[in-house]
Amino acid sequence: MPSNGMPSNRGLRIHLRHVRAIDPAGGPLCTPGIRAWCRQHGIDLRLLCEDGIVVVDHPHLHDDPFVVRVIEIARAERADGNAEVRDAT
C-alpha cells in the first residue's frame, strides 16, 4: 500500500466485466454506451474485452467518477482472490 494509505493501482487491470458490473440508476450500461465510453476515452474496446487495460497506463481516466467505481470493483476482485464483484450502488 502506498504511503498515502490508498490501495495501489500498480498492475491493476480493468476488464469489460468490471465495467459491466457498474449498475447505474438506469441499469447496467448497454453495449453502445460502452463503445461510446471507450471512444470518448481512447480505449481499445477489443483490448478491454480480451486482456483488460492497465489502470496506470490511462491516468486521464482517474478523475472520471465512473472509472473510480470500476477501479474499486477491480481492486475488490483482486483482494478477494479474483472472485467476481458487483457494484454496490
Side-chain angles (χ1 to χ4, degrees):
M1 187 174 295
S3 60
N4 66 2
M6 296 296 296
S8 172
N9 288 337
R10 187 170 167 209
L12 184 67
R13 288 181 178 271
I14 58 174
H15 296 263
L16 182 60
R17 69 179 177 273
H18 302 127
V19 175
R20 299 280 263 170
I22 296 293
D23 191 12
L29 287 179
C30 61
T31 301
I34 291 172
R35 285 187 186 124
W37 178 79
C38 286
R39 274 193 307 274
Q40 177 185 0
H41 293 291
I43 295 170
D44 181 339
L45 178 59
R46 188 166 305 209
L47 182 63
L48 180 69
C49 293
E50 293 174 0
D51 299 321
I53 60 168
V54 179
V55 172
V56 296
D57 291 348
H58 299 278
H60 65 286
L61 297 177
H62 297 190
D63 294 331
D64 182 328
F66 178 81
V67 176
V68 169
R69 288 171 52 200
V70 171
I71 290 170
E72 289 171 359
I73 290 169
R75 279 186 189 147
E77 181 182 284
R78 181 169 68 179
D80 289 343
N82 293 329
E84 187 173 324
V85 177
R86 302 294 298 178
D87 188 26
T89 58

Asks: Hey, could you give me the CD1/CZ distance between I71 and R78, rounded to the nearest 0.5 Å?
Replies: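 Those atoms lie 10.5 Å apart.
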Asks: Nearest 0.5 Å please: distance from the SG atom of C38 over to the CG atom of L47.
Replies: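 Output value for this atom pair is 9.5 Å.
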Asks: Describe, in one word, how the ring planes of H41 and H60 are oriented to each other, choosing from parallel (under 30°), tilted (30 to 60°) and perpendicular (over 60°).
Replies: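 Ring orientation, 0 to 90° scale: tilted.
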Asks: Using modelled atom types only, decide if a donor and an acceptor are shared between the side chain of H58 and the backbone of V55 within a distance under 3.5 Å.
Replies: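 Not at all, since once roles are kept as given, no pair shorter than 3.5 Å links the two residues.
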Asks: From W37 CH2 over to L45 CG, what is the distance, rounded to the nearest 0.5 angstrom?
Replies: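 If I round to the nearest 0.5 Å, the distance is 9.5 Å.
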Asks: How many angstroms lie between CG in L16 and CD1 in I43, if you round to the nearest 0.5 Å?
Replies: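 The distance works out to 11.0 Å.
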Asks: Can you confirm whether R17 sits close enough to E77 that some side-chain heavy atom of one is under 4.5 Å from a side-chain heavy atom of the other?
Replies: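 Result yes, sub-4.5 Å side-chain heavy-atom pair found.
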Asks: Can you tell me how far apart CD1 (I73) and CD1 (I14) are? Round to the nearest 0.5 Å.
Replies: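 Separation between the atoms: 10.0 Å.
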Asks: Would you say that L61 contacts V68 through its side chain, given a criterion of any heavy-atom pair below 4.5 Å between the two side chains?
Replies: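 Sidechains of V68 and L61: no contact.
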Asks: Hydrophobic side-chain clustering at under 4.5 Å (ILVMFWY, transitive links): who's grouped with V54? Put none if nobody.
Replies: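 Members alongside V54: V56.
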Asks: Quick check for you: to the nearest 0.5 Å, what is the distance between D51 atom CG and R13 atom CZ?
Replies: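 Here the interatomic distance stands at 6.0 Å.
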